[in-house]
Amino acid sequence: MGRTRSLAYGAYLLLIVVPFGCMASLKTWICDFRDIIRPRICPICGSPLNSTEQKLCSCCLLQLPYVGKEDFYDNPSSRLFWGRIPVERVYSFIRYRHDSESHNLLTSLKYRHRPDLGVWLGELIARELLPRDFFEDVDCIVAVPLHWRRHLHRGYNQSIELARGISKTTGIPLLRRVVERVRNNKSQTRMSTHERMQNTQHLFCARSSLSGRHVLLVDDVLTTGATLLACAQAIMATSEDIRISILTLARAS
Ligand SMILES: [Zn+2]
């Protein structure tokens, strides 16, 4: 039996065997069938996902280096901004290490065209932080923008996708085009803290003011804080009564 006929037969069996009215079962069957035709792969370990696993396999989801419960006002992420800008709450969800699962996750999110992974991770982070009142009195979400050329090349901005998932779960509006990245700055991977600070000077320009609002800035990775700092400063330059909180998927540690 040819592959096409075999698949058609599989679909036929699926339709006649699944009892009507049992929608949960039907959904599972459809997921199983989809996974046979086009297996979904865990972006961290590369193993096939089963129908109950959404974006990561259960094992990798369990083993991610979570930051866990930290004081939102005093932690290694928030301390990067002390004395530079008055931040409210700061939190990073996982620890980033170059030779670990978090590296594979970030690589997939940024370079393997997985905007869906960003939305899912955003939802996951928001579900974790909602009961801990992280989003209390936050008025709006702003994602750190990419330069338009990089955005066009990649097809999406991973930070916007994370922010989209956070917005979907919390109901807090995600604002686009509030701030623009006006320079396509060099990669900062091998730069020192001082070089990063210089590389991010005048990197962003606010297009509208968020006067009186508590803004949640969202980015994928927090390293020295130079990029987030420059973005926050551009937003805060438009008004003195803007409050900033920061949330990232990962922090280098
Ligand atoms: Zn895995």
Side-chain angles (χ1 to χ4, degrees), residues 3 7 10-11 14 23-70 75-77 91-132 134 141 143-144 146 150-151 153-170 187-189 218-223 246-253:
R3 180 174 167 77
L7 291 177
L14 187 67
M23 294 312 288
S25 282
L26 179 62
K27 195 175 169 191
T28 308
W29 275 70
I30 290 171
C31 288
D32 286 344
F33 189 63
R34 178 194 63 192
D35 288 345
I36 291 167
I37 294 174
R38 191 179 172 195
R40 296 172 304 128
I41 302 294
C42 172
I44 294 178
C45 68
S47 62
L49 300 178
N50 66 40
S51 59
T52 63
E53 295 167 333
Q54 294 181 50
K55 303 291 176 186
L56 304 183
C57 74
S58 309
C59 191
C60 288
L61 189 59
L62 274 173
Q63 289 179 355
L64 274 177
Y66 297 105
V67 165
K69 296 204 171 169
E70 265 187 351
N75 60 56
S77 299
Y91 188 73
S92 304
F93 189 56
I94 58 172
R95 292 187 177 84
Y96 174 80
R97 276 188 289 267
H98 190 69
D99 55 348
S100 71
E101 301 88 355
S102 53
H103 175 72
N104 290 350
L105 184 64
L106 264 295
T107 302
S108 291
L109 176 63
K110 285 175 79 163
Y111 304 116
R112 292 186 190 142
H113 200 79
R114 293 296 306 270
D116 59 307
L117 188 58
V119 176
W120 182 79
L121 286 165
E123 291 172 0
L124 186 71
I125 296 168
R127 280 200 301 273
E128 164 72 16
L129 295 183
L130 259 175
R132 293 162 59 188
F134 182 84
I141 301 170
V144 173
L146 293 175
R150 195 170 294 180
H151 194 145
H153 178 73
R154 192 170 295 168
Y156 63 99
N157 173 353
Q158 67 280 358
S159 299
I160 291 178
E161 302 309 319
L162 286 167
R164 213 190 292 278
I166 295 166
S167 173
K168 198 172 152 189
T169 304
T170 59
S187 167
Q188 304 191 134
T189 311
V218 173
D219 205 0
D220 53 352
V221 186
L222 174 66
T223 308
I246 290 170
L247 180 55
T248 69
L249 168 63
R251 80 163 172 239
S253 60

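Both ligands and their constituent atoms are indexed starting at 1 by order of listing.
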Interatomic distance, Leu106 atom CG to Leu249 atom CG [nearest 0.5 angstrom]: 5.5 Å
In plain terms, say whether Glu70 and Arg251 are close enough for a salt bridge, that is, a side-chain N and a carboxylate O under 4.0 Å apart. yes
Return all protein N, O or S atoms below 2.8 Å from the Zn ion (ligand 1), chain by chain in residue order. Cys42 SG, Cys45 SG, Cys57 SG, Cys60 SG
Using the test side-chain hydrogen bond (donor to acceptor under 3.5 Å, both in side chains), find all partners of Asp219 that sit at least two apart in sequence or belong to another chain. Ser159
Return yes if a side-chain donor-acceptor contact under 3.5 Å exists between His103 and Tyr96, otherwise no. yes
State whether Tyr156 and Arg164 meet the cation-pi test: NZ (Lys) or CZ (Arg) under 6.0 Å from the six-membered ring centroid, and within 45° of the perpendicular axis. no
Just checking, any donor-acceptor pair under 3.5 angstrom between side chains of Thr169 and Glu123? no
